[in-house]
Trainee: 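Before anything else, here's the structure in question.
We number each residue from 1, following the sequence as shown.
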Amino acid sequence: MVVDGILELHFRDKVVTLHPNECIIVPKGVENKPVGRDEVTLMLFEPNRAL
């Protein structure tokens, strides 16, 4: 989830641009390259693998 700034996620076939308060779920195994325009603040959500 983008908290502040603009984030681009580069995939093999497209680029997704995220603005504040937007989020995306990237499936496991999908190659991506996050690129921040200037400074970006993010909140990452990851599953708990300890269970």
Trainee: Using a 3.5 Å cut-off and no angle test, enumerate the donor-acceptor pairs between side-chain atoms of residues 25-33 and protein atoms at least two apart in sequence or in another chain.
Mentor:
| from | atom 1 | to | atom 2 | distance (Å) |
| --- | --- | --- | --- | --- |
| E31 | OE1 | R12 | NE | 2.9 |
| E31 | OE1 | R12 | NH2 | 2.8 |
| E31 | OE2 | R12 | NH2 | 3.4 |
| N32 | ND2 | V30 | O | 3.2 |

Trainee: Check the pair V35, L7 against side chain to side chain contact (heavy atoms under 4.5 Å, CB included), reporting the backbone distance first and the verdict last.
Mentor: CA-CA 6 Å; V35 177; L7 177 72; 5.7 Å; no
Trainee: Before you tell me yes or no, could you show the steps for V3 and L42 under side chain to side chain contact (heavy atoms under 4.5 Å, CB included), namely the whole-Å CA-CA distance, both residues' side-chain angles and the distance that decides it to 0.1 Å?
Mentor: CA-CA 5 Å; V3 176; L42 301 173; over 6 Å; no
Trainee: Name all pairs fulfilling the salt bridge (Lys or Arg N to Asp or Glu O under 4.0 Å) condition that reach into residues 38-48, sequence neighbours left out, sorted by first residue then second.
Mentor: none
Trainee: Is it true that F11 and I6 fall in one hydrophobic cluster, defined by side-chain heavy atoms closer than 4.5 Å?
Mentor: no
Trainee: Determine all donor-acceptor pairs shorter than 3.5 Å in which one atom belongs to a side chain in residues 13-22; sequence neighbours excluded.
Mentor:
| from | atom 1 | to | atom 2 | distance (Å) |
| --- | --- | --- | --- | --- |
| E22 | OE1 | H19 | N | 2.8 |

